[in-house]
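Step one of this worksheet: look at the structure below.
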Amino acid sequence: MSLFRTENVGFYLQDAFVQDWIDNTMIFLEVQNVQNTWDELVSLNLPAKYKDVRLTPIRIEHWGRECFVHDPSGVLWHFGEFFNKL
């Protein structure tokens, strides 16, 4: 298992592959500023470094803004910023 941590958030990944999990996994990370997150993701040049990684630019929804990373295993990562926070 590997721990990934940034500031006050962390998560573990393990070396396991279950196709049903991959085909049905989406991770949503709320961020303070989607534009800053997008700029950072682009600067990492992930599609050039890792096969099958795709970035989807920011889109605006009724609830906020989000961008996406499709990781090498096929998991969809959402990075979202809500317009109205409780």
>> Set out, in order, the CA-CA distance, both residues' side-chain angles and the distance that settles side chain to side chain contact (heavy atoms under 4.5 Å, CB included) for I27 and F11, then state yes or no.
In response: CA-CA 11 Å; I27 298 171; F11 60 91; over 6 Å; no
> F79 and F82: same hydrophobic cluster, using ILVMFWY side-chain contacts below 4.5 Å?
Replying inline: no
>> For F83 and I60: C-alpha separation, side-chain torsions, deciding distance, then whether side chain to side chain contact (heavy atoms under 4.5 Å, CB included) applies.
In response: CA-CA 10 Å; F83 289 140; I60 299 171; 4.0 Å; yes
>> Just to verify, what does N8 make a side-chain hydrogen bond (donor to acceptor under 3.5 Å, both in side chains) with, not counting sequence neighbours?
In response: none
Which pairs of donor and acceptor atoms, one on a side chain in residues 69-78, lie under 3.5 Å apart (sequence neighbours left out)?
{"from": "H70", "atom 1": "ND1", "to": "R54", "atom 2": "NH2", "distance (Å)": "3.3"}
{"from": "H70", "atom 1": "NE2", "to": "R54", "atom 2": "NH2", "distance (Å)": "3.3"}
{"from": "D71", "atom 1": "OD1", "to": "S73", "atom 2": "N", "distance (Å)": "3.0"}
{"from": "D71", "atom 1": "OD1", "to": "S73", "atom 2": "OG", "distance (Å)": "2.8"}
{"from": "D71", "atom 1": "OD1", "to": "G74", "atom 2": "N", "distance (Å)": "3.0"}
{"from": "D71", "atom 1": "OD1", "to": "V75", "atom 2": "N", "distance (Å)": "3.0"}
{"from": "D71", "atom 1": "OD2", "to": "W77", "atom 2": "NE1", "distance (Å)": "3.1"}
{"from": "H78", "atom 1": "ND1", "to": "E66", "atom 2": "OE1", "distance (Å)": "2.8"}

> With sequence neighbours left out, what residues match E61 under salt bridge (Lys or Arg N to Asp or Glu O under 4.0 Å)?
Replying inline: R59
> With sequence neighbours left out, which residue pairs that include part of residues 3-20 fulfil the salt bridge (charged side-chain N to carboxylate O under 4.0 Å, His left out) condition?
Replying inline: none
>> Is it the case that atom OH in Y12 sees more than 12 heavy atoms from other parts of the structure closer than 6.0 Å?
In response: no
>> More than 12 heavy atoms of other residues, nucleotides or ligands under 6.0 Å from CD of Q32: yes or no?
In response: no
> I58: what forms a side chain to side chain contact (heavy atoms under 4.5 Å, CB included) with it, not counting sequence neighbours?
Replying inline: V34, Q35, W38, R65, C67
> Do V53 and F4 sit in the same hydrophobic cluster, where Ile, Leu, Val, Met, Phe, Trp and Tyr count as joined when their side-chain heavy atoms come under 4.5 Å apart?
Replying inline: yes
>> Please tell me whether L44 and F68 are part of a single hydrophobic cluster in this structure, the criterion being side-chain heavy atoms less than 4.5 Å apart.
In response: no
> Partners of F17 by ring pair (Phe, Tyr, Trp, His ring centres under 6.0 Å), sequence neighbours excluded?
Replying inline: none
>> Can you tell me if W63 has over 12 outside heavy atoms packed within less than 6.0 Å of its CH2?
In response: yes
>> Let me confirm one number: the CD-CG distance from E40 to N33, rounded to the nearest 0.5 Å.
In response: 11.0 Å
